[in-house]
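Encoded as structure tokens, the structure appears first; notes follow it.
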Amino acid sequence: MKTSGFSHLHVASGYSARYGASLPHDLVRRAAERGLSTLALTDRDTVAGTVRFAKAAAAAGVRPVFGVDLAVAPAADPDPRRPDVALPAPAAAARS
């Protein structure tokens, strides 16, 4: 059973050093078990798990959302613990 209306948009996999532990296919499997129709992968400073995530999502019928959690700090605030999350906008949404 798929549900709609809620999606985790900040999910780190084991490809995020010190920030995630589960592999992308495990994250997708658990999301599908819980009825989520969409799941994002926003690993910290890397996109290394996106191909595995996309393949697992396609196999499970879960819509993948790709992003990255970038550790960037403004010059006035050099605290690396303040990450920014970047999610690409679909072409249609970017035009509206």
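What you are looking at is a predicted structure, and each value in this text was computed from that prediction instead of being measured. What you see below is based on every heavy atom in this structure, not just the backbone, and it leaves out hydrogens, waters and symmetry mates.
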Taking C-beta and beyond as the side chain, do Val11 and His8 meet within less than 4.5 Å on heavy atoms? yes
### Task
Give a yes or no on whether Arg29 atom CZ has more than 12 heavy-atom contacts from other residues, nucleotides or ligands under 6.0 Å away.
yes
Say whether, by atom type as modelled, one donor and one acceptor occur between the side chain of Ser7 and the main chain of Leu9 under 3.5 angstrom.
no
**OP:** Is it possible for you to say whether Tyr15 and Phe66 belong to one hydrophobic cluster, with membership spreading through side-chain heavy-atom contacts below 4.5 Å?
**Re:** no
Requested in this report: Measure the shortest side-chain to side-chain distance between Val68 and Asp43 over non-hydrogen atoms and say whether it is less than 4.5 angstrom.
Outcome: no
So CZ of Arg44 and OG of Ser13: to nearest 0.5 Å the spacing works out to 13.5 Å
Checklist entry - Transitively linked via ILVMFWY side-chain contacts under 4.5 Å: Phe53 with Val62? => result yes
Output for pair (Asp69 CG, Asp45 CG), nearest 0.5 Å, gives 7.0 Å
In terms of heavy-atom contacts, Ala12 and Leu27 come closest through O-CD1, 4.0 Å
Going hydrophobic residue to hydrophobic residue with side-chain gaps under 4.5 angstrom, can you get from Leu23 over to Leu41?
no
Closer than 3.5 angstrom, by distance alone: can the side chain of Thr50 be matched with the main-chain N or O of Val47 as a donor-acceptor pair? yes
Interatomic distance, CG@Leu70 vs OG1@Thr46, rounded to 0.5 Å, equals 10.5 Å
Smallest heavy-atom separation, Gly49 atom then Pro24 atom, equals O-CG, 3.8 Å
Rounded to the nearest 0.5 Å, the OG1 atom of Thr42 sits from the NE2 atom of His10 at a distance of 4.0 Å
